[in-house]
Asks: 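Shown below is the structure under consideration.
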Amino acid sequence: MDKQTIDKQILLLPGPTQIPPQVALAMAQPAINHRGPEFKALLKEVTAGLKEVFQTRSEVVILTASGTGGMEAAVTNFISPGEKALVVSIGNFGERFAKICKTFGVDVEVMSFPYGQAADPQAVAERLQADTKHEIKAVLVQHNETSTGVLNDIEAISRARGNHPALLIVDCISGLVAADFQTDNWNVDVAIAGSQKAFMLPPGLSMLAVNERAWQVAERCQNRSFYLNLLAAREFLHNKGSTPYTPAVAIFFGLKESLRLLQEETLPASIARHALMRDMVRAGVRALGLELLAADEVASPAVTAVMVPEGMKPADIRKPLLEKFGIVVAGGQSKVKDKIFRIGHLGYVSFAELFAALAALEAVLVDAGMAVEPGAGVAAAREVLQAGLNKQGR
Ligand SMILES: Cc1ncc(COP(=O)(O)O)c(C=O)c1O
């Protein structure tokens with residue numbers, strides 16, 4: 001078999017993710033006036049739904065922008081030029097936070113951890129304790145680092161601040177809904193999400209939960225963004241029930257439906273499902289003789305970074321997976337670009353699709369000349385799935 005003869009793909013990316021048919025249908029509704037009563041009701045409903053997902057009572061604002069737009073808004077609305085920020089980086093998206101800070105004149109200090117590792121909360125605590133003059137105004141960090149498949153312990157990083165007044169700004173773009181994220185309980189000041197991840201929507205919306213302390217900072221901040229102005233977004237939300245500029249209305253329709261689906265599944269069940277998918281993929285890939293970038297203790301429930309076998313390039317695996325089987329996985333980024341490929345198990349993914357991916361991966365490895373025990377990947381994943389379902393009493 002050289003090429004798949006039907007045009008069907010299983011998207012196993014860590015975003016954009018697959019879209020449930022109900023969500024796709026919701027987005028096909030006729031257009032409405034974004035300044036009219038229907039949109040006002042829609043905005044109110046999805047904003048309330050998002051608060052539940054963020055586990056917050058604070059204000060949530062929605063921007064028509066990709067996740068990076070949300071990251072940029074978090075920098076420009078809360079950190080003034082010349083102010084110091086500590087970026088805690090464990091991969092490509094941490095580096096992006098640092099680049100955005102530099103672009104907007106923030107005095108950025110980067111605390112980097114090796115690719116594949118989580119941030120050490122103790123190191124953050126020590127750095128902030130040393131900052132006796134409270135020069136650091138914000139700590140920026142990823143919840144789930146998509147480039148390496150590592151989940152940070154945000155609760156511990158938040159606690160590491162002690163009495164230091166720096167804002168905690170967290171990019172939970174690929175982690176929210178896939179892993180627990182308790183904005184209020186963990187004292188996260190600003191949390192940033194994106195539509196094309198576990199929300200099962202197309203790219204285009206970024207949602208930010210902002211607490212009162214952070215809003216006060218925003219009032220004083222020399223904001224340098226016109227479009228990504230969060231105070232304007234809040235004012236329109238409160239006073240007009242709309243957005244300052246034309247929103248991506250169709251994605252808002254989809255968001256209403258995806259929030260309904262999430263409510264039906266429940267947040268704890270979604271988090272448990274993602275953890276189970278992570279464990280299935282990790283067991284399956286290991287049984288095929290491949291190594292993983294991240295240790296089990298810090299492994300992401302959204303995406304698994306797999307080391308490419310010696311002598312191969314990521315494309316040697318990704319290309320046949322796509323062309324022969326229609327399985328779409330991601331490549332590496334930044335420092336591990338040529339060393340890994342990434343299997344997303346985020347959002348609207350079924351256990352059966354993971355079995356399919358592991359079976360296809362086995363075929364690709366065998367074609368490449370690797371000795372693999374037939375069916376080993378699927379068998380290992382099935383065992384993990386069965387044990388997980390038994391534990392859940394299913
Ligand atoms: C953790 C994280 N942060 C930020 C982004 C950037 O989001 P976008 O590509 O929507 O701009 C992504 C996207 O992959 C991400 O996974």
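Each ligand, and each atom within it, is numbered from 1 in the order the structure gives. Bear in mind the structure is a predicted one, so any value in this text is a computation, not a measurement.
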Asks: Quick one: does Ser66 get an N or O within less than 3.5 Å of an N or O on ligand 1?
Replies: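 Yes, Ser66 has an N/O under 3.5 Å of an N/O on ligand 1.
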Asks: Could you label the plane-to-plane angle of the Phe252 and Phe39 rings as parallel, tilted or perpendicular, counting under 30° as parallel and over 60° as perpendicular?
Replies: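 Because their plane-to-plane angle is over 60°, the rings of Phe252 and Phe39 count as perpendicular.
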Asks: Run the numbers for me: atoms of ligand 1, each under 4.0 Å from some heavy atom of Asn144, listed by number.
Replies: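 That gives atoms 1 (C) of ligand 1.
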Asks: Identify the closest protein heavy atom to atom 12 (C) of ligand 1: which residue and atom is it, and at what distance?
Replies: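 Atom 12 (C) of ligand 1 sits closest to the protein heavy atom Phe93 CE2, 3.3 Å.
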Asks: Met71 heavy atoms, cut-off 4.0 Å: which ligand 1 atoms fall inside?
Replies: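 This gives 4 (C) as the contact atoms.
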Asks: With no hydrogens and no angle check, do the side chains of Ser58 and Glu212 hold a donor and an acceptor under 3.5 Å apart?
Replies: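 Short answer, no.
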Asks: When you compare ligand 1 with Gly67, is there at least one nitrogen or oxygen pair between them that comes in under 3.5 angstrom?
Replies: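 Yes, since at least one N or O of Gly67 sits under 3.5 Å from an N or O of ligand 1.
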Asks: Measuring from Leu201:CG to Leu255:CG, what's the distance to the nearest 0.5 Å?
Replies: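 The distance works out to 5.5 Å.
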Asks: Mind checking the CD1-CE spacing from Ile317 to Met312? Nearest 0.5 Å is all I need.
Replies: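 Here the rounded value is 4.5 Å.
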Asks: Going by atom types alone, do Arg96 and Thr68 pair a side-chain donor with an acceptor below 3.5 Å?
Replies: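 Yes, because at least one side-chain N or O of Arg96 sits under 3.5 Å from a partner of the opposite role on Thr68.
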Asks: Using a 4.0 Å heavy-atom cut-off, say whether Asp171 meets ligand 1 through its side chain, its backbone, both or neither.
Replies: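 The answer is the side chain of Asp171.
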Asks: Might you work through the side chain to side chain contact (heavy atoms under 4.5 Å, CB included) test for Asn77 and Asn229, ending with a clear yes or no?
Replies: CA-CA 7 Å; Asn77 286 266; Asn229 186 327; 4.1 Å; yes
Asks: Tell me whether the NZ or CZ atom of Lys51 lies within the 45° cone about the ring axis of Phe54 and under 6.0 Å from its centre.
Replies: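 Verdict for Phe54: no cation-pi partner in Lys51.
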Asks: Of Gln333, Lys197, Arg96, which has the heavy atom at the shortest distance from atom 13 (C) of ligand 1?
Replies: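 It is Lys197 that holds the nearest heavy atom.
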Asks: What I want to know is whether Gln196 and ligand 1 share at least one N or O pair that is separated by under 3.5 angstrom.
Replies: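 Yes - when backbone and side-chain N and O of Gln196 are compared with those of ligand 1, one distance drops under 3.5 Å.
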Asks: Would you give the length of the straight line joining atom OG of Ser80 to atom CG of Asp107, rounded to the nearest 0.5 angstrom?
Replies: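 Going from OG on Ser80 over to CG on Asp107, the span is 13.0 Å.
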Asks: Which of the atoms of ligand 1 are close to Ser174, meaning less than 4.0 Å from one of its heavy atoms?
Replies: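 Listed by number with element: 1 (C), 16 (O).
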Asks: What do we get for Glu145 next to ligand 1 when only non-hydrogen atoms under 4.0 Å count, side chain, backbone, both or neither?
Replies: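 Neither part.
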Asks: Give the residue and atom name of whichever protein heavy atom lies nearest to atom 1 (C) of ligand 1, and the separation in Å to one decimal.
Replies: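 Of every protein heavy atom, Thr146 OG1, 3.1 Å lies nearest to atom 1 (C) of ligand 1.
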Asks: When you measure from atom 6 (C) of ligand 1 to every protein heavy atom, which one gives the shortest distance, and what is it?
Replies: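 Among all protein heavy atoms, the one nearest atom 6 (C) of ligand 1 is Thr68 OG1, 3.4 Å.
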